[in-house]
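Down below is the structure, laid out as structure tokens.
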Amino acid sequence: ERVALATKKVTMTTSTQEGTHSIGPNDPTTEVPEDFICPLTLSLMQDPVISKYGHSFERESILEYLGRGSDICPCTRQPLRMRDV
């Protein structure tokens, strides 16, 4: 049985000292599962963490979000602290 995954087209890039370069043989736009996209940055996650509510975020982004004084999960609107991710 095949399971359909929700996907989203993203541009895969890598940054080096020489600049930003597309990743991919011919087309830098690639479909990836939506669960791989951080809901805060809308970018492909490189260092994902999971909140106590089961949502994944890019580590740096969610810690910065919570570090600015927010104590609410951006997905569930429930209380969330740094130790909860």
Side-chain angles (χ1 to χ4, degrees):
E1 180 178 326
R2 294 185 83 184
V3 176
L5 293 175
T7 60
K8 188 174 199 171
K9 285 191 174 257
V10 296
T11 301
M12 309 282 287
T13 59
T14 183
S15 295
T16 64
Q17 288 180 340
E18 293 79 33
T20 301
H21 305 282
S22 294
I23 299 173
N26 299 318
D27 182 6
T29 303
T30 305
E31 288 191 24
V32 297
E34 285 186 6
D35 290 342
F36 291 13
I37 306 298
C38 176
L40 291 173
T41 64
L42 302 178
S43 298
L44 183 66
M45 291 183 278
Q46 301 297 314
D47 186 17
V49 293
I50 301 174
S51 76
K52 70 180 188 176
Y53 303 112
H55 295 280
S56 297
F57 299 95
E58 179 65 34
R59 181 184 308 272
E60 183 178 332
S61 299
I62 190 66
L63 294 179
E64 180 181 319
Y65 171 83
L66 295 171
R68 285 184 277 166
S70 180
D71 60 355
I72 302 288
C73 175
C75 292
T76 65
R77 310 309 289 166
Q78 299 293 317
L80 186 68
R81 296 174 297 232
M82 284 192 191
R83 69 175 184 231
D84 296 330
V85 292

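- In this structure, a donor-acceptor pair under 3.5 Å is present between the side chains of Tyr65 and Ser70.
- The backbone N or O of Thr41 lies less than 3.5 Å from no partner atom in the side chain of Glu58, so there is not a single donor-acceptor pair.
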Check: Stepwise, does the side chain to side chain contact (heavy atoms under 4.5 Å, CB included) test hold for Ser51 with Asp84?
Finding: CA-CA 6 Å; Ser51 76; Asp84 296 330; 5.9 Å; no
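- The heavy-atom pair separating Phe57 from Pro39 by the smallest distance is CE2-CG, 3.5 Å.
- Using a 4.5 Å cut-off on side-chain heavy atoms (C-beta onward), Leu40 and Ile62 make contact.
- The CD atom of Glu60 lies 11.5 Å from the CD atom of Gln46; values are rounded to the nearest 0.5 Å.
- A heavy-atom distance below 4.5 Å is not found between the side chains of Ile50 and His55.
- Across Asp35 and Ser56, no two heavy atoms sit closer than the pair O-CB, 4.5 Å.
- Looking at Ser43 and Cys38, their side chains never come closer than 4.5 Å, going by heavy atoms from C-beta outward.
- Remark: Thr76 OG1 to Tyr53 OH distance equals 5.5 Å, nearest 0.5 Å.
- At least one side-chain heavy atom of Ile37 sits less than 4.5 Å from a side-chain heavy atom of Val32.
- Minimum heavy-atom separation, Met82 to Leu63: CE-O, 3.6 Å.
- The closest side-chain heavy-atom distance from Ile72 to Leu80 is not below 4.5 Å.
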